[in-house]
Amino acid sequence: MSRNRRSPDIAQALARAGRARLEHRPRQRTVVIAGAGIAGLRAAERLRERGFDGAIIFIGEEPHKPYNRTPLSKQLLARTGRLADLKLPVYRDLDATWRLGTRALGLDVERNRLLLARGEEVEYDGLVIATGVEARHLPGAPLWSDHVWSLRDMADGRGLGRRLADGARHIAVIGTGFIGCEIASSLRGRGLDVTLVGRGNALMSAAVGSQVGGLMTRLHRRNRVGMKLGANPVRWATADSKTDRPKSGVGVSIWLDDGSRVDADVAVVAVGALPAVRWLQGSGLDISDGVLTGPTTHAVHVDSGRLALVPSIVAAGDVARWPNLLFDRTPRRVEHWITASEHGQAAADALLVGPDAALPFTPIPRFWSEQFGVRLQGVGRPGLADTCRLAEGSPKDLEFVAVYTREGVVVGAVSANAGVRLLEYTDLIGWPLDSPRLAGPPALGPARLAAV
Amino acid sequence: MTVVTTGSMPAVPPFDQTGPRLAPVPRQAPPSDPVSVHGPGIPYTGPVTVHGLPPVPDTGPFPVDVRPATLDTGPSPVHGLPAVPDTGPKIIEAGARLPVPVTPTRPQLPAPETGPLEAAPLTYLGGAGRRAAAPAFRPSTRRRSGGMRRRSDPAVVSVDNNRCHLYAICQQEAPASFLVARDGRLYYDAAPPEHQMASVRQAARLCPMQAIKLGGDSTR
């Protein structure tokens, strides 16, 4: 017998064992992340941090890997930053497959398939919906024109930047939310003339209330930003239109419903955003104003009026509408950059442990904005409040902290130029303002959360 | 009783002769001396001790990172507000009934000899005339003689002073490693211990200005 040959029965046993091991090896799991934004990126990073060794596939509509959108209206438009600043740090090897420039077209919840163009289907074991939001269209605004822009992604930012570099002097900004005000501030910083058009009576009043909004309105006025508040555009005329042209030398003319007209070289439409959920129509998920999820970020499936959580689908970021149990049980969307990062991480955790074991995602929303050198910073949901009170500082000098309460319970705080002092007020959220903090259980504090 | 023998029993062969004879494995001659292992000519000198690494130089206290208190708002032609001047600690008048915590809940600056933060204000104020001239570079003798761990790890955290706008998100995420002090400056631990790196990374992720850079082995 040769020294190199095994006995045949042992060789057969070895082959059998090897085949059995191959057959019983768990299949490699696949997580598909629809949307290559910050929430999807943080979800993938958290999956790897938790030791997920399966495949991660990104389906992104933009041709770029995830980048930081927040400088688009700030540093990039003000030309104090560079395009390289949009890079986002990742502290894990993601080892992901990037299907960029690919739009998800549909979702088959029963068969766990994501539908792409040309009939392609991607099977998943877990799906993270992080398609984010898209800029809301203002009815009648000729966004096809070279003189009218919105500002949502890098292509918008570069196009608008090129258009401004062509010698635009006067810019009309439609919308007085955070983005509109930041655009106005950035452009005034470049010495351009800006006219803000908004339907509210104060800037950013939906987000920070009319009192702080009024202070910011004064700041913008002091920096000679033209204001047309309480007005809506009703008619547009652009220089490259075939039918409706403004007088010569004017890029775009906007007639408002108060009878006035704004002539500008370029108009920027920043009237908020809508969740990108059209591709989920017919999938059975609840997509009214974003993907409805439970407190654990698991998506809600509606089957003939019966609601059920889908264990294999989570939603994160601006697109998700979920009840933040820190405030109440009403599902809402949050469009803050920091919250989107945390949301992606929580969604990855929830996907790994399932809806039964996952913890509810209860972040304190945090946001910031900088306009004319004033650092506006907020925590919580000031938009939910019924009362706004000055906590400390001086509003006249634009250095203050304001506390927002709803039915006596603190729901948020906003500071200007006082970032560090805002931290103390973060701890107040969920507690009644009037009673001493240790007198009783909080209205919606940890004890109440455990009961929920 | 007689012993009946029914024939001659075959002689039981010795045990080592049963069965097929195994061919003796030709045994390699063991190396007679260590020299043969390493080839001829190279004398065996035992395990190699590397003496090539230079001694770690004593670099003194930690790299110190401070940022100026005034905001660099850039050349803005329409800038209507004055930059926030460094006026030192201010007396804050509470404008409402809101209970301001009496005891500070935030981690304060550690005791002077416990960490790298001790040198920060000294270095920053060196030559500024704000305080009695304290040497900016003053190695602590106590730290060397005592049991305090001398942290000589390389700096992995750096904050871009031009970017940082003091939103203090980093302090919320990693209060042990970042501190926006009441003087309006950010103090941070340039070489945080290993168990703090997760929160430091989260602080770098969530920094609104993306001013925190982690280098070196931060991805561990």
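Chain letters run A, B, ... following the sequence lines, proteins first and then strands; every chain starts at 1. Since the structure is predicted, the reported quantities are computational estimates derived from the model, not experimental observations.
- A donor-acceptor pair is defined here as one N or O able to donate and one able to accept, closer than 3.5 Å; such a pair exists between the side chain of A:R375 and the backbone of B:H165.
- Atom OH in B:Y167 sits 7.0 Å away from atom OG in A:S369 (nearest 0.5 Å).
- Taken to the nearest 0.5 Å, the CZ atom of B:R205 stands 5.5 Å off from the CD atom of A:Q345.
- Closest heavy-atom contact between B:A204 and A:P89: O-CG, 4.4 Å.
- Using a 4.5 Å heavy-atom threshold, the side chains of B:R182 and A:R421 count as touching.
- Scanning both residues, A:W337 and B:C207, for their nearest heavy atoms gives CZ3-O, 3.8 Å.
- With respect to chain B, the highest number of heavy-atom pairs below 4.5 Å among A:T80, A:L422, A:I338, A:V401 belongs to A:I338.
- At a threshold of 4.5 Å between non-hydrogen side-chain atoms, the residues A:R366 and B:I169 count as touching.
- The distance from the CG atom of A:L423 to the CD atom of B:Q172 is 4.5 Å, given to the nearest 0.5 Å.
- Of the atoms belonging to A:S186, not a single heavy atom falls under 4.5 Å from chain B.
- Heavy-atom distances place the side chain of A:N68, and not its backbone, under 4.5 Å from chain B.
- No side-chain heavy atom of A:T70 sits under 4.5 Å from any side-chain heavy atom of B:Q210.
- Using a 3.5 Å distance cut-off with no hydrogens or angles, the side chains of B:Q202 and A:E342 do not pair a donor with an acceptor.
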